[in-house]
Amino acid sequence: MVTGQFAVGKTTLVKLLVGDVIPEGRHPTDGISLLEGRCGLDVQTREWILINPGSYNAMDVVYNKVLMTSRDEKGTNSSEKLDQHQASDISPAGSKDDNMGNPGVLQQTQAMALPLPSNTSDAISNQPPSVIPLSQETSSIVPLSRQQLKQKMKAKMTIDEIRRKMEKVLKSGKYKMKVGRLIFWDFGGQYVYYTTHQTFMTYRALFLVVFDGSKGLHEQVSDVLCFPGQHMTPTPAVFLQHWVNCILTYCKAVYTGIPKILFVATHKDKVTTEDIETRRAELYNGVEELFKDHEGREHLVIDNQIFVNATDNTDPEIDVLKKAITDLTFQHPCWGESMPNASVPLELEIANLVVKGKQVLSLREVEELNSISKVSVLSNEELRDFLQFHHSLGKLVYFDTPQLKGYVIISPLLLVEVMRSFVTDIAFWPKKGLIRNTFERMSGSGIIQRKDLYLIWEQKHFNKISPYKEFIFDMLIHLDILSEQRRYDTNTGSRLPVENFFVPCMLTQRNDTSFMTHECTSDKAISLAFVFKGTIIPPALPNRLISACLSMWTVKTYEGKQLLFSGFIGLSFDKAHDIVVCVEGNKILLYIVHETSNGLIVPDIATGIKECMYTTLERISEFYKSTVQATSISQKLPFHIEYACSRLECHITEEAAFTTDEWICDKHKIVHTKDKWNIWNQDQAKEECEINCQGLQEDALNQIPSDIELQRFSSRCEETVIRELAIHLGMTLHEWEKLRSDYEFVDIVKYRVLVSWREKYSGRFINIAKALQDMDLTTHTLCQVKRIRKGHCVINEEYMDLIPTDEILDKLAQVIGVVSFQLGIELGLPITSIDIIQYNNGRDLVGQCKDILFQWREDQRIRPTIRVLVQALVNVDRGAKCLEEIIKTVGVKKYTQHEEVEEEKEGKVKTLMKKLNPFQKKK
């Protein structure tokens with residue numbers, strides 16, 4: 001796999017290595033270029049073999065692997081000599097019949113495939129092919145020459161006979177590989193492609209990191225957009241660090257020191273002959289210094305000090321480079337592993353379809369192909385292992401997930417085409433027209449519409465995508481190349497068709513709002529950092545995290561703009577809390593912002609968001625490193641957590657934070673005790689406060705309690721306690737008795753008396769705390785007001801972010817019962833709205849519940865999802881079991897028409913507004 005900064009000669013170098021004509025001038029790579037079967041290594045002599053592109057046929061790869069003259073089962077000497085004679089026919093100096101007059105050019109090559117280990121796991125790999133040649137077999141069978149094979153096939157063998165012959169050879173296990181093909185993946189160096197590269201990187205590869213040797217490592221690279229969150233000057237050294245970090249992040253550590261990363265300097269022709277050795281020493285001394293303390297140093301191959309002129313195939317150092325590639329290939333642990341014979345018939349069938357232009361198969365079609373062979377039909381488990389293993393080799397693309405397992409991409413080039421169809425550099429945009437406009441909009445907003453993607457895929461070079469566009473959409477979403485912009489019908493709760501998709505790697509605009517300076521301030525926010533190894537985070541990680549955040553929360557709008565920028569996103573968690581995720585250097589920073597004060601941030605919310613972000617990053621990291629091969633090396637996450645100081649600038653590691661009683665931040669010299677970090681680490685399953693809990697902070701004590709907070713507090717206290725507390729707070733016994741006679745349910749009375757006190761005296765938490773102390777009661781009851789209760793829920797996570805349908809709300813209204821008032825408060829409805837609902841419905845509890853639920857669903861400030869409803873039911877002690885049963889019965893995809901009840905209600909509402917007293921009294 002050939003990587004590196006743009007415009008350093010990667011494509012020219014690859015063409016030289018495979019024997020292609022070297023182009024004049026610069027020709028940037030659009031996405032990824034794949035060169036397969038153009039050169040290889042003789043497994044015996046280690047000679048670099050070029051393969052004539054005019055004679056190469058993908059079918060030869062499988063035919064030559066299995067259709068060969070087998071040694072006589074009795075093992076006669078004559079047949080062995082025949083094999084030796086045939087071997088000479090495929091040497092570089094082969095016969096004229098094979099059209100091999102050009103010495104060193106081999107007309108056919110033997111496919112090499114890496115083994116399917118006995119301990120193959122179910123883990124899915126998204127790591128296709130590599131420059132590592134596929135492994136050699138070790139029996140004594142030698143293939144026929146290409147012309148002999150073709151003649152034999154045409155003259156004597158039908159397709160069925162070919163299959164029978166192949167099966168016979170496979171059963172004997174007697175064949176060997178002669179030449180290992182090299183597959184070169186040439187990665188485009190422009191920034192927009194970086195997120196797509198992770199899909200193809202694998203530990204099975206040998207990586208070349210190419211850089212321009214005519215320039216200094218710390219010389220500024222002009223006209224380049226640096227990585228998200230990076231404010232340093234872009235230099236070749238920055239790009240070298242980027243590529244090394246990307247490779248080691250995306251490739252699973254299966255073997256110590258694997259994959260290897262070979263540095264190659266180019267543009268030697270731009271350095272004077274007398275200065276070449278001096279420049280070589282400067283370059284590689286600089287590379288050594290750059291990575292001397294790097295955690296992945298054992299992966300780096302620097303000592304070769306390769307410095308080439310990639311435009312000159314007579315440059316002696318090209319041979320040095322070829323030898324380095326050859327040596328590292330033969331040293332690779334994946335070289336020489338045995339390959340199971342049973343899967344070869346299926347390989348042949350698939351290869352035949354690829355030759356005919358087929359690119360995608362349904363899983364059922366693959367199963368039918370597998371069933372053709374009568375002696376080597378794979379079992380269902382073996383077939384799954386076959387698909388996953390060949391996915392890891394890059395021969396096909398298959399993801400064993402519910403949304404994607406129905407199809408197999410048998411030509412991986414299709415995936416490359418899919419990505420470059422819309423993830424492309426400005427140099428490859430159309431000069432004008434609708435598609436040009438689409439790319440310009442996407443660059444500014446990161447958003448592309450479904451219809452625009454359809455238009456792109458209607459172009460001639462991408463029209464093979466169209467028949468599988470829904471499957472392609474799902475796959476791109478699975479890879480987080482695209483992120484859905486979900487919308488819901490607030491009347492029915494049904495999910496509307498997805499029209500807009502977020503393409504994070506195409507978003508280049510930086511945050512130009514004042515949110516960070518005016519809102520995300522040290523008095524309103526708290527922060528922590530996910531710190532990654534190295535100096536640069538591979539862009540795919542934050543881009544994928546941002547995509548994941550979009551699926552969980554709503555983008556916040558500020559100063560008329562959505563807070564969605566390159567390496568930055570602002571989200572609304574609820575009406576009081578916002579979330580910011582942004583990239584700075586090697587940190588992904590997480591901020592939680594309260595609308596008024598950070599002292600009012602709910603610890604359970606902070607803890608939940610932290611855990612959610614950690615789990616998401618963990619999943620993303622493991623996704624990139626997923627593979628079908630087990631590993632004995634323990635996998636460490638590429639990041640750790642650090643907490644920010646009170647000014648949000650200095651950081652302390654999580655480990656140090658909890659082992660140090662006091663920490664003085666470096667810049668501000670502010671003392672922090674370890675209790676400060678408790679806000680991020682609440683035990684959400686625990687009802688009581690921690691032993692060292694100091695109660696509400698000063699900011700919280702000086703806050704006027706909200707309706708929800710008073711409801712939670714009153715529901716946790718007995719009637720006698722609230723009555724005595726109200727008197728301590730200044731309310732009279734007469735006021736209590738009046739409320740007690742007006743309202744049927746005591747829980748409403750407890751809440752109402754506290755609301756009356758708050759309105760009458762502008763009451764604050766500190767007043768309640770003092771009254772509780774005077775009553776010799778614990779003030780930690782107030783702490784629980786700020787907690788989010790954790791309840792057991794078995795509703796499918798897939799449904800939690802959907803808006804409940806009419807049918808769900810109708811049925812739920814029938815089982816809520818007497819807690820409808822409390823539920824309305826928990827869902828954020830104003831007291832006056834609940835009073836109107838109760839007045840309209842009298843003693844009809846079901847009617848009250850229904851109106852409360854439907855009015856809540858119309859609130860557009862925070863998305864009214866099933867998740868929010870579950871949490872509210874838990875908070876009012878109703879529990880989510882009733883909702884679980886309803887969803888189990890009616891599902892979430894059965895929608896009913898919204899009931900037209902507005903006209904029926906209108907008269908009642910007008911009548912009510914004429915009344916002076918909206919409060920419901922006992923009838």
**Prompt:** So, the side chain of Arg716 versus the backbone of Val785: is there a donor-acceptor pair under 3.5 Å, distance only?
**Reply:** no
**Message:** For the residue pair His672 / Ser646, report whether a side-chain donor-acceptor contact shorter than 3.5 Å exists.
**Reply:** yes
**Request:** Would you indicate whether the side-chain heavy atoms of Ile569 and Lys556 approach each other to under 4.5 Å?
**Result:** no
**Prompt:** With a cut-off of 6.0 Å (strictly less than), are more than 12 heavy atoms of other residues, nucleotides or ligands near NZ of Lys676?
**Reply:** yes
**Asked** Tell me, do Ile831 and Ile825 make a side-chain contact under 4.5 Å, heavy atoms counted?
**Response** yes
**Message:** A side-chain contact here means heavy atoms from C-beta on lying under 4.5 Å apart; do Tyr643 and Phe658 qualify?
**Reply:** yes
**Prompt:** What distance separates Ile588 CD1 from Ile641 CD1, expressed to the nearest 0.5 Å?
**Reply:** 11.5 Å
**Fill in**
One should read off an interatomic distance between Lys524 NZ and Ile592 CD1, to the nearest 0.5 angstrom, of 16.0 Å
**Pair Tyr761-Leu729, side chain to side chain contact (heavy atoms under 4.5 Å, CB included): steps then yes or no** = CA-CA 9 Å; Tyr761 296 104; Leu729 290 171; over 6 Å; no
**Message:** Salt bridge check, Glu709 against Arg758: does any charged N sit closer than 4.0 Å to a carboxylate O?
**Reply:** no
**Message:** Any side-chain to backbone donor/acceptor pair from Ser714 onto Gln711? Under 3.5 Å, distance only.
**Reply:** yes
**Message:** Tell me the closest heavy-atom pair linking Ile768 and Phe713, and the distance in Å.
**Reply:** CG2-CZ, 3.9 Å
**Request:** Could you give me the CA-CA distance, side-chain angles and deciding distance for Asn875 and Gln871, then say whether side-chain hydrogen bond (donor to acceptor under 3.5 Å, both in side chains) is met?
**Result:** CA-CA 6 Å; Asn875 287 344; Gln871 186 61 60; 3.0 Å; yes
**Ala872 to Leu827 - nearest heavy-atom pair and separation** = CB-CD2, 3.6 Å
**Request:** For His668 and Glu649, indicate whether the former's side chain and the latter's backbone hold a donor-acceptor pair under 3.5 Å.
**Result:** no
**Request:** List the steps and the verdict of side chain to side chain contact (heavy atoms under 4.5 Å, CB included) for Met800 and Ile795.
**Result:** CA-CA 7 Å; Met800 294 296 278; Ile795 296 175; 3.8 Å; yes
**Validation row: Phe568, Val580 side chains within 4.5 angstrom (heavy atoms)** = yes
**Request:** Say whether Asp851 and Asn840, considering side chains only, have a donor N or O and an acceptor N or O under 3.5 Å apart.
**Result:** no
**Message:** If I take atom CD1 from residue Ile886 and atom NZ from residue Lys811, how far apart are they, to the nearest 0.5 angstrom?
**Reply:** 7.5 Å
**Prompt:** Under 4.5 Å between any side-chain heavy atoms of Val815 and Arg878, yes or no?
**Reply:** yes
**Item:** Arg857 side-chain N/O to Pro864 backbone N/O, donor-acceptor pair under 3.5 Å
**Value:** no
**Message:** Taking Asp574 first and then Arg867, would you say they form a salt bridge - that is, a charged N and a carboxylate O separated by under 4.0 Å?
**Reply:** no
**Message:** Taking Pro830's backbone N and O only, do any of them form a donor-acceptor pair with Asp707's side chain (distance below 3.5 Å, no angle check)?
**Reply:** no
**Item:** Closest non-hydrogen atom pair, Leu617 against Phe530
**Value:** CD1-CG, 3.5 Å
**Prompt:** Should we say atom NZ of Lys587 is surrounded by more than 12 heavy atoms from elsewhere, each under 6.0 Å from it?
**Reply:** yes
**Message:** Assess whether a salt bridge exists between Glu719 and Lys750, defined as any Lys/Arg side-chain N lying under 4.0 Å from an Asp/Glu carboxylate O.
**Reply:** no
**Prompt:** At their closest point, which heavy atom of Leu600 faces which heavy atom of His577, and how far apart are they?
**Reply:** O-NE2, 4.0 Å
**Request:** Report the C-alpha distance between Phe565 and Cys582 in whole Å, list the side-chain angles of each, state the deciding distance to 0.1 Å, and finish with yes or no for side chain to side chain contact (heavy atoms under 4.5 Å, CB included).
**Result:** CA-CA 9 Å; Phe565 304 98; Cys582 61; over 6 Å; no
**Within 6.0 Å of CD in Glu559, more than 12 heavy atoms from elsewhere** = yes
**Request:** Determine whether the side chains of Asp578 and Tyr558 contain a donor N or O and an acceptor N or O closer than 3.5 Å.
**Result:** no
**Request:** Name the orientation class of the two ring planes belonging to Trp553 and Phe573 (parallel below 30°, tilted from 30 to 60°, perpendicular beyond 60°).
**Result:** tilted
**Message:** How close do Ala606 and Ile679 get, counting heavy atoms only, and between which atoms?
**Reply:** CB-O, 3.4 Å
**Request:** Answer yes or no: is there a side-chain heavy-atom contact under 4.5 Å between Arg723 and Leu733?
**Result:** yes
**Item:** Lys888 bridged to Glu885 by N-O distance under 4.0 Å
**Value:** yes
**Message:** Can you tell me how far apart CG (Leu829) and CG (Leu823) are? Round to the nearest 0.5 Å.
**Reply:** 9.0 Å
**Prompt:** Cut-off 3.5 Å, side chains only: do Gln855 and Ser833 have a donor facing an acceptor?
**Reply:** yes
**Request:** Taking atom types as modelled, find out whether Gln848 and Asp844 have a side-chain donor-acceptor pair closer than 3.5 angstrom.
**Result:** no
**Request:** Give, for atom CG of Leu772 and atom CG of Leu782, the distance between the pair rounded to the nearest 0.5 Å.
**Result:** 5.5 Å
**Prompt:** Is there side-chain contact between Arg764 and Gln703, with heavy atoms separated by less than 4.5 Å?
**Reply:** no
**Request:** Flag the pair Glu826 / Arg712 as yes when at least one side-chain heavy-atom distance between them is below 4.5 Å, and no otherwise.
**Result:** yes
**Message:** Quick test of your reading of the model: are Asp512 and Lys561 salt-bridged, counting only N-O distances below 4.0 Å?
**Reply:** yes
**Asked** Roughly how far apart are Ile816 CD1 and Gln822 CD, rounded to 0.5 Å?
**Response** 11.0 Å
**Shortest non-hydrogen contact between Leu812 and Cys882, atoms and distance** = CD1-SG, 3.8 Å
**Item:** side chain to side chain contact (heavy atoms under 4.5 Å, CB included) assessment of Asp747 paired with Val818
**Value:** CA-CA 10 Å; Asp747 283 338; Val818 296; over 6 Å; no
